[in-house]
Amino acid sequence: MPALNGMQHTRVRRSVGNMFDRNTLPVLRVSIEKTVEKLLDRLTGELRDGEADFSSIVSEELPMSAIGGWLQLPPADYPLLRSLAHDQVFTQELLPSASQLARSDAATEQLEAYFRRLVQERRRAPGDDPVSAWLRTWDGLESDQEAADEAVYLLALLVFLAAPETTATLLSTMVWLLLEHPLQLGWLRAHPQHIPDAVEEVLRYDSPNQVISRIATADTTLAGVPIEKDRMVHLMVGAANHDPAHHLDPHIFDVRRKASHLSFSGGIHYCLGAQLARLEATTLLTGLLRRLPGLRVSAAPVWAPRVGFRRIMELRVARS
Ligand code: HEM
């Protein structure tokens with residue numbers, strides 16, 4: 001879907017509709033709230049012994065469980081799928097090394113096999129899950145069952161890949177930034193109605209995805225810069241989100257700002273999972289404010305050495 005244009009893109013995007021709308025979100029909210037409570041129980045338990053890694057205990061688990069639960073994947077598969085998603089993402093880096101690309105290729109092969117098998121299973125035994133629903137839709141769009149299966153396989157793979165890594169980064173970044181700004185955290189505890197604004201400010205201040213790319217289909221001029229046909233253009237999301245022409249004091253993190261940003265892109269490719277990511281972040285922050293008032297960062301976060309997709313590998317926290 002991200003590589004399609006015009007009518008081809010419209011056809012695929014329409015086939016999934018608004019995946020996280022007013023009907024689906026309340027159902028997902030219930031299971032996400034339960035998962036947040038379970039993960040915070042685990043974090044609280046670990047913190048009794050001193051420090052704990054917020055990233056592996058909470059941030060990596062919540063998005064995997066949310067997307068895995070929605071797609072009705074077996075929870076026993078989550079660890080493998082998560083690790084394959086982490087490896088696959090190198091292919092979307094700006095300048096991946098040969099060994100990173102090899103890792104990405106190997107992960108892609110395994111993911112392909114996994115999601116092709118999933119489509120075949122849902123074909124044999126359809127249920128009330130999104131993959132079965134997409135199969136029903138695509139059977140009406142394609143005369144050939146193989147073509148329908150291929151379209152649904154690509155959708156399932158895309159939706160899976162788009163979700164866990166980006167959202168895990170949002171969750172860790174959110175907790176890190178707020179713990180580093182205790183006055184704002186305290187204000188938020190007193191004004192929980194502004195939790196959604198805080199999530200938008202985190203997305204603006206440090207976007208999980210830093211590069212959005214396009215290829216010019218014709219000679220054009222963009223903001224006064226001539227661009228030839230077939231040239232690739234990279235939008236640097238962090239720079240756009242910190243553009244002083246659009247944001248007052250852009251380098252100041254301020255949860256009270258009504259932040260606008262390009263972290264979910266814009267136009268026809270606007271992120272289809274934005275509402276799910278927001279739901280996970282607001283639910284987690286609500287739970288954290290209620291349950292862990294004395295949380296603090298106990299060591300500098302460890303970031304993966306990457307440009308396109310940010311990733312906090314480790315976020316050590318403790319209780320005061
Ligand atoms: C904080 C979390 C997330 C961030 C920062 C993010 C970011 C983005 C961005 C920047 C794009 C557009 C890329 C482009 O314009 O070329 C995009 C597209 C997309 N995202 Fe997300 N995403 C997140 C979470 C999710 C989740 C949870 C899902 C699914 C459950 C998802 C599904 C998609 C899909 C299907 C597209 C393709 C849309 C299209 O091409 O029409 N994303 N996302």
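Scope of the values below: all heavy atoms of this structure, side chains included, with no hydrogens, waters or symmetry mates. Counting convention: from 1, in listed order, for ligands and their atoms alike.
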Within ligand 1, which atoms have a heavy atom of [X] less than 4.0 Å away?
X      : answer
Ile212 : 10 (C), 14 (C), 15 (O), 16 (O)
Phe20  : 30 (C)
Leu170 : 1 (C)
Ile268 : 41 (O)
Ile67  : 30 (C)
Met1   : 38 (C), 39 (C), 40 (O), 41 (O)
Ser263 : 5 (C), 7 (C), 10 (C)

* **Lys38, Arg82, Arg42 screened by side-chain hydrogen bond (donor to acceptor under 3.5 Å, both in side chains) with Glu61, the one that passes** =>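 Only match with Glu61 under side-chain hydrogen bond (donor to acceptor under 3.5 Å, both in side chains): Arg82.
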* Mind listing the protein N/O/S atoms less than 2.8 Å away from atom 21 (Fe) of ligand 1? Waters don't count. =>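 Result, waters dropped: Cys271 SG.
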* Asked: How does Leu158 reach ligand 1, by side chain, by backbone, by both or by neither, if only non-hydrogen atoms under 4.0 Å count?
  ->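 Side chain only.
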* Min N/O separation Arg13 to ligand 1 under 3.5 Å ->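 N/O-N/O distance below 3.5 Å exists for this pair.
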Compare all side-chain heavy atoms of [X] with those of [Y] and state whether any distance is below 4.5 angstrom.
X      : Y      : value
Asp197 : Arg257 : no
His194 : Trp187 : yes
Arg296 : Val317 : no
His9   : Ile268 : yes
His261 : Glu200 : yes
Gln210 : Arg306 : no
Leu315 : Ser59  : no

Would [X] count as a contact residue for ligand 1, given that I'm defining contact as a non-hydrogen atom of the residue lying under 4.0 Å from a ligand atom?
X     : result
Val12 : no
Trp70 : no
His9  : yes

For residues 243-252, which side-chain donor-acceptor pairs fall under 3.5 Å, sequence neighbours excluded?
| residue | atom | partner | partner atom | Å |
| --- | --- | --- | --- | --- |
| Asp243 | OD1 | Ala245 | N | 2.8 |
| His247 | NE2 | Asn241 | O | 3.3 |
| His251 | ND1 | His242 | ND1 | 3.0 |

* Return each pair, listed once, that meets ring-ring contact (aromatic ring centres under 6.0 Å, His included) where at least one residue sits in residues 209-239; pairs must be two or more places apart or across chains. =>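 Checked against ring-ring contact (aromatic ring centres under 6.0 Å, His included) - neighbours excluded - no pair reaches residues 209-239.
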* Sort and list the pairs that fulfil ring-ring contact (aromatic ring centres under 6.0 Å, His included) and have at least one residue in residues 73-117, not counting sequence neighbours. =>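 Listed once each, the pairs are Phe115-Phe160.
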* Asked: Taking atom 40 (O) of ligand 1 as the point of reference, which of Arg214, Arg278, His269 owns the nearest heavy atom?
  ->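 Residue with the shortest heavy-atom distance to the ligand atom: His269.
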* Identified side chain to side chain contact (heavy atoms under 4.5 Å, CB included) counterpart of Phe54 within the set Leu47, Leu43, Leu39 ->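 Testing Phe54 for a side chain to side chain contact (heavy atoms under 4.5 Å, CB included) against Leu47, Leu43, Leu39 leaves exactly one candidate, Leu43.
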